[in-house]
Chemist: 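Pasting in a structure now, in structure tokens, and then I'll have a few things to ask.
Counting convention: from 1, in listed order, for ligands and their atoms alike.
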Amino acid sequence: MNFKKSQKLYNKGLVNLVGAVNSPVRAFASVGGNPLFIKKAKGSKITDVDDNKYVDLVLSYGPMILGHRHKKVQKAITKALENGYSFGASTENEIKLAKIVCDAFPGMDKVRFVNSGTEAVLSGIRLARAFTGKDKIIKFSGCYHGHQDALLVAAGSGLATLSLPGSKGVPEGAVKNTLIANYNDLESVKAHFDTHDDIAGVIIEPVAGNMGVVTPKDNFLKELKEYLKTKGALLIADEVMTGFRSKFGGAQELFEVEADITCLGKVIGGGFPVGAYGARNEIMEMVAPLGGMYQAGTLSGNPIAMAAGIATLTELKKQNPYKEFNEVAKEIEEALLKYADEFNVELTVNRFGSMINPFFTNKKVTNFKEAQTTDTKKFAVFFWEMIKNGVFLPPSQFEAWFLSSALSKKDVNLTKKAINKAMKAVANM
Ligand SMILES: *Cc1c(COP(=O)(O)O)cnc(C)c1O
């Protein structure tokens, strides 16, 4: 296996692109070496420009849940292309996708489509403030909610990978209304309410995927929601990663918790830039043109993206792959633990539905602090050995691995073999 063409493109890319990437998570900063440049992908596989083929467990960081270029999605996009790319006016497909989304999330009567997860969350936060008339927002340490100023503190994956505490260029004023709590720790939320009376809401990844995978403890989400109700504050579920991934109705369906505001992205666009935020009528009526909260977008509800979203969600509902996701994830977890044990590597595996990831630590990982006990140098060795054995992983310890419904038995076996080799390499480093 060689990476000559990727290396060449990387050097070329450095001239006019920042670090040759358009998102820092794609840089190989924490695993060493140069980023791979991708030529194409189909089904469960992705191919780089040197024609190395991998089982893809990145899946564009989640969106490609059906695998790449599923034929139904491809057909829908092709058909949409025939009619035009963007109109700046409404189309029927926006109504169709809105219905699919609102049917999946009982807490959403209405939805507004935007172009990314970042946009969905920043709008969701604005909406919580507009509805409650309060300014402060609580976020959890290690949760990532996109790159808007107000939430770029203690923000997990991208920053954690690059060892950045927060972002430069974010003025103090922009984060002065952001309070930080600890994941899985309701008392840390209550402590903020004890000292502040102007808290609009709490934003959470209902299953965290941006500090590695961290799951909520038993009744954490339910108790959080009930507590917020007594305080007149809103629960904002950032399901950009978990929506349609752990269950069709997201983590909220699984944990039987209804958020006041839900933010979506990733899977709903089937690989195209789509985000969404929604809530019950009473809250959504705050949004312009019905209400006084302004939020807009030239390309929002883009017809090609809507077609891809409808086709992806329709096929996903039909396939209902969630039980199988659990089984495959369990199989991968068992392989990780088995080989870690065999080669005496300290390992903790967290998984949730089709999201999984190993931490190189002997500690349980239930929050950001514990996630940071992982040995990232071991992950770097593990990562490259997985690449060399044909498995494409996110180049960061703090990103989840994703499963697609296109994965075959053969792909899973290849992945397990690669894990064996990679764990051995970690033991011998
Ligand atoms: C990816 C992600 C975002 C940001 O979405 P973008 O489309 O990258 O802007 C926000 N929240 C969560 C939980 C995410 O995983």
Side-chain angles (χ1 to χ4, degrees), residues 21-27 57-65 105 112-128 137-161 167 178 183 201-216 221 235-246 250-252 255 259 261-278 295 297 299-300 302 305 308-309 312 350 352-357 368 371 394-396 398-402:
V21 294
N22 277 306
S23 188
V25 297
R26 298 176 199 165
L57 300 186
V58 179
L59 297 170
S60 188
Y61 292 86
M64 312 314 299
I65 194 163
F105 289 82
R112 167 64 61 82
F113 290 115
V114 293
N115 303 294
S116 68
T118 295
E119 233 188 291
V121 175
L122 81 84
S123 309
I125 296 279
R126 185 180 302 149
L127 181 55
I137 298 288
I138 298 177
K139 86 172 279 288
F140 292 95
S141 178
C143 283
Y144 175 69
H145 303 290
H147 67 86
Q148 67 271 29
D149 283 356
L151 299 179
L152 265 187
V153 278
S157 64
L159 293 162
T161 305
S167 173
T178 308
Y183 202 80
V202 173
I203 184 160
I204 188 166
E205 287 183 73
V207 174
N210 285 292
M211 48 175 142
V213 177
V214 176
T215 55
L221 294 174
L235 178 64
I236 307 157
D238 179 353
E239 294 229 40
V240 171
M241 187 183 286
T242 53
F244 304 100
R245 183 152 267 295
S246 39
Q252 292 174 63
F255 292 105
I261 298 173
T262 299
C263 305
L264 296 164
K266 297 194 168 113
V267 171
I268 54 165
F272 284 79
V274 182
Y277 64 99
Q295 181 277 313
L299 295 176
S300 295
N302 174 269
T312 299
N350 281 2
F352 185 80
S354 58
M355 294 154 57
I356 180 165
N357 91 316
F368 192 36
S396 161
F398 303 104
E399 298 283 356
W401 307 358
F402 294 105

Chemist: Under 3.5 Å between some N or O of ligand 1 and some N or O of H145?
Modeler: no
Chemist: What atoms of ligand 1 come within less than 4.0 Å of a heavy atom belonging to E205?
Modeler: 13 (C)
Chemist: Side chains of V213 and W401: closer than 4.5 Å at any heavy-atom pair?
Modeler: no
Chemist: Would you check the N or O atoms of T118, main chain and side chain alike, for any that come under 3.5 Å of an N or O of ligand 1?
Modeler: yes
Chemist: Looking at ligand 1, does E239 have a heavy atom less than 4.0 Å from it?
Modeler: no
Chemist: Between Q295 and R126, is any side-chain donor less than 3.5 angstrom from a side-chain acceptor?
Modeler: no
Chemist: If we ignore hydrogens and angles and just use 3.5 Å, is the side chain of T178 paired with the main-chain N or O of A150 as donor and acceptor?
Modeler: yes
Chemist: Only one of D238, I236, L235 clears side chain to side chain contact (heavy atoms under 4.5 Å, CB included) with I204; which?
Modeler: L235
Chemist: If hydrogens are left out, which of G117, C263, G62 has an atom nearest to atom 6 (P) of ligand 1, that is, the closest non-hydrogen atom?
Modeler: G117
Chemist: In the protein, what heavy atom is nearest to atom 3 (C) of ligand 1, and what distance, to one decimal place, separates them?
Modeler: V240 CG1, 3.7 Å
Chemist: Give the atoms of ligand 1, by number and element, whose distance to some non-hydrogen atom of S116 is under 4.0 Å.
Modeler: 7 (O), 9 (O)
Chemist: Any side-chain heavy-atom pair from F402 and M241 closer than 4.5 angstrom?
Modeler: yes
Chemist: Please could you name the atoms of ligand 1 that D238 approaches to less than 4.0 Å, counting only its heavy atoms?
Modeler: 10 (C), 11 (N), 12 (C), 13 (C)
Chemist: Look at atom 1 (C) of ligand 1 and find which of K266, M241, Q148, E399 reaches it with the closest heavy atom.
Modeler: K266
Chemist: So which bit of T242 gets within less than 4.0 Å of ligand 1, heavy atoms only: side chain, backbone, both or neither?
Modeler: neither
Chemist: N350 versus T215: any side-chain heavy-atom pair under 4.5 Å?
Modeler: no
Chemist: Quick one, S246 and M355 - any side-chain contact, counting heavy atoms below 4.5 Å?
Modeler: no
